[in-house]
Amino acid sequence: MSFWEYANPRRFMGLSDRLMPPLFLLSGICLAVGLIWGFFFTPDDFRQGSTVKIIYLHVPSAMMAINVWIMMLVTSLVWLIRRHHVSVLAAKAAAPIGITMTLMALFTGAIWGQPMWGTFWAWDPRLTSFLILFLFYLGYVALWSAIEDPDTAADLTSILCLVGSVFALLSRYAVNFWNQGLHQGASLSLDAEENISDVFWFPLLVCITGFVLLFVALVLLRTRTEIRSRRLHAISLRERAA
Amino acid sequence: MSGDGLLTLRDVAVARGGLPVLAGVSFAIAPGEALVLRGPNGSGKTTLLRAIAGLQPVDAGAIEADPDAIAYAAHADGIKGTLTVAENLSFWAGLFGTDDISRALSAFNLVDLADRPAQALSAGQKRRLGLSRLIVTGRPVWALDEPTVSLDRASVGLFADAVRGHMEMGGAAVMATHIDLGIDARELDLTGYRAALPTSGAFDEAFQ
Amino acid sequence: MPDLGAYALEVGLAYTVSIALLVVLVWISVAQARKAKASLEQAEGRLKDG
Amino acid sequence: MIRLLTRDLRLAIRAGGGFGLAVAFFLIVSILVPFGVGPDRATLAPVAAGILWVGALLACLLSLDRIFATDHEDGSLELLATSPVPLEALVAVKALAHWLTTGLPLTLAAPLFGVFLSLPPSGMPWLIASLAIGTPALSMIGAFGAALTVGLKRGGLLLSILVLPLYVPTLIFGADTVRRGIEDLGPMTPLTLLAGITLGAIALLPFAGAGVLRVNLR
């Protein structure tokens, strides 16, 4: 039974029904443990004082903001190539989660940078690229709501997601070019672990796992809602036609 | 290739707005033939013609015709008000690779209107200009959706002559119309091909 | 409670707003899911006896 | 295809203000800014490059939704789709027609407006170069956005929301070229990057635009 078999709605509904409870539970635990550990049991940073505690929210949400868009890009491609309804509905379901994550990343980033920069918003390239990503999310959701026919909407939003991704990447480097940048170096770039000591590192890892699990659980839940409203739409079409 | 027929449909199924409308439609049109699609409003005439013209994908079956064989004419005539009749027509002629618009103008009695801006034309005259475009396309198969809408009796005669002339030159036509054009054409009533509404059932067809 | 020092307000604000965002997102998603499930069952009921 | 271009240009002229509309809007923006910001050179000069580019960008944005809307309303879009002209070429020609009626006149008028905003003379050549190279990208991206929203109700507003984020790289590199040109800090780098975006857009977006048109014509 190939992987694509999960794309048919009935099997997806069954599978997601079984997966959601454990996922929600696990993400709740990870988030609670990670945040409490990070908030209460880690020392202050000698330079940043207690604001370092914000990394437990800023870093995971920033990572999720980008990864959710990449997930939407992949699911849009799957829709355009293999025409699986569940895939494009998962992309539609993920968009609001991506928006929330981007808002959180922006908000926590601004607060975290405030002591260093003296203002809440200093057009730092990394934060600005999240602002641009937020605009792309907005456009994607706006396009979904502007079209009545679900299939047309799915095609148009998927193509917008493809083109948007190229331009989001372009904006990411244009913004770097435009303002040298005050952002702290990649505090968690996968290769440079040594720039945060272990005591901060483990709770951060737990928080990130928590965010990822929460995202997966939420996207399953929201995709089920999209499938159900699509089914409702199909039924009402049929009732009107009969 | 599409064999002898200019246009062949093999149990074609089309949908409109997510709901299947027609299923199992099959026919073939040879050069010199015309086919009139009959059926009440909403029976899928327009949807089928748009599928034949390539504007809409088919849900099942196949439509076989040369890629550049179909000339499509719908309710909207695609006329630019600020351009004159001759300019409109020569634009379409140029697009289809010919420059001779005189035959099209005379076939629809538009010669004396040639230099009038299209916005100053009556609905019937605009319709004649829209239909005269078919002649400059030089394409064998005409797919026409309600061609005689807003045409007076004389113009309908003009249009019937144009179709007859087109068929004599080896062309073919498939059209949806409610009136009798007085040309020998086969008829196909689409009510017999209404697609069954999908039965409510498993979750799989959540999107039919 | 850890001594947050000068930045108590900032850190507190960041945590409360972020957690609030997450709670609102989950709450809206669950509410939408419940509403969709209910109206679907009602529609399918109409379909069966209709 | 040339016939399609000449027809569109003739339509633009006959519809009146084909070429002048965008330039008029650009003129108004360039005049309004000093009223808002204040007339003295010290405040205007540093921001002139950015305002000129934002003005050009908004002027392009204004006329985008007419690119396919008129053809959609009178039915010629469907007829064009069934004509021998491929949809990709149609999108490219429409973008070119839009550029000729907005991008080009803006580029030619920009130095005059630069004087209004007291743009330093050393920036003038770079302003023209960056606009000449950048505005085709604005038209091409705009044509894709117009194809995306053709036939939608309230499409104009949605078009701006979708297209403005896509304009960000062009705006950044364009305005940066002019700023660096003024202080002679190597404006060639942003200019070449700008050219890269424009060429990429012209090469790829017609296909995305045609794909989207096919979906909208369904």
Side-chain angles (χ1 to χ4, degrees), chain B residues 14-18 46-47 49-59 65-84 87-99 117-119 126-127 129-131 133-134 136-139 141-145, chain D residues 1-21 63 66-94 96-98 101 147 150-153 209-218:
Chain B
V14 283
R16 183 182 52 225
T46 304
T47 318
L49 283 168
R50 282 174 64 86
I52 291 171
L55 288 171
Q56 191 171 323
V58 288
D59 287 0
D66 291 345
D68 289 338
I70 315 282
Y72 176 66
H75 303 297
D77 301 322
I79 293 169
K80 292 295 175 187
T82 48
L83 298 180
T84 67
E87 281 166 341
N88 266 299
L89 209 46
S90 53
F91 162 69
W92 289 109
L95 219 59
F96 284 88
T98 63
D99 275 333
Q119 59 204 8
K126 277 194 182 126
R127 193 66 196 157
L129 175 55
L131 291 173
R133 183 185 64 87
L134 288 168
V136 294
T137 60
R139 289 192 160 181
V141 179
W142 289 0
L144 311 172
D145 194 357
Chain D
M1 280 197 302
I2 308 300
R3 196 170 281 277
L4 189 61
L5 182 65
T6 43
R7 182 198 72 155
D8 275 356
L9 292 180
R10 191 179 297 151
L11 282 175
I13 297 164
R14 291 246 178 104
F19 290 83
L21 216 58
S63 49
R66 296 320 303 160
I67 291 182
F68 291 111
T70 39
D71 283 348
H72 181 68
E73 280 141 18
D74 62 31
S76 42
L77 196 57
E78 277 184 347
L79 304 180
L80 283 169
T82 57
S83 71
V85 172
L87 274 181
E88 288 76 8
L90 175 70
V91 173
V93 164
K94 286 284 181 183
L96 178 59
H98 177 265
T101 51
V150 71
L152 294 184
K153 52 186 177 354
V212 160
L213 270 184
R214 260 180 220 100
V215 170
N216 269 324
L217 284 172
R218 256 206 317 248

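Just so we're on the same page: letters track the sequence lines, and every chain starts at 1.
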Relative to chain B, which segment of [X] carries a heavy atom at a distance below 4.5 Å: side chain, backbone, both, or neither?
{"X": "D:R7", "result": "side chain"}
{"X": "D:L4", "result": "both"}
{"X": "D:L77", "result": "neither"}

Quick check for you: among D:A81, D:P84, D:G75, D:S76, which has the greatest number of heavy-atom pairs under 4.5 Å with chain B?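 Heavy-atom pair counts peak at D:P84.
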
[atom2] on [Y] to [atom1] on [X], rounded to 0.5 Å:
{"X": "B:L95", "Y": "D:I2", "atom1": "CG", "atom2": "CD1", "value": "11.5 Å"}
{"X": "D:S83", "Y": "B:Y72", "atom1": "OG", "atom2": "OH", "value": "14.0 Å"}
{"X": "D:T82", "Y": "B:L55", "atom1": "OG1", "atom2": "CG", "value": "6.0 Å"}
{"X": "D:R214", "Y": "B:Q56", "atom1": "CZ", "atom2": "CD", "value": "14.5 Å"}
{"X": "B:W92", "Y": "D:L80", "atom1": "CH2", "atom2": "CG", "value": "4.0 Å"}

Donor-acceptor contact below 3.5 Å, side chain D:R3 vs main chain B:S90: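 Yes, because the side chain of D:R3 sits within donor-acceptor range (under 3.5 Å) of the backbone of B:S90.
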
Between D:D74 and B:D77, is the side-chain contact (heavy atoms from CB on, under 4.5 Å) condition met? List the steps. CA-CA 7 Å; D:D74 62 31; B:D77 301 322; over 6 Å; no

Inspect the contact between D:E78 and B:R50 and indicate whether a charged nitrogen and a carboxylate oxygen are less than 4.0 angstrom apart.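 A salt bridge links B:R50 with D:E78.
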
Can you find a pair of side-chain heavy atoms, one from D:R14 and one from B:E87, that are under 4.5 Å apart?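 Yes, close enough: below the 4.5 Å cut-off.
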
Side chains of D:V85 and B:F96: closer than 4.5 Å at any heavy-atom pair?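 Not in contact.
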
Evaluation steps, side-chain contact (heavy atoms from CB on, under 4.5 Å), between B:K80 and D:T70: CA-CA 9 Å; B:K80 292 295 175 187; D:T70 39; 4.2 Å; yes

Given that the side chain runs from C-beta out, which part of B:R139 has a heavy atom under 4.5 Å from chain D: side chain, backbone, both or neither?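 The answer is the side chain of B:R139.
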
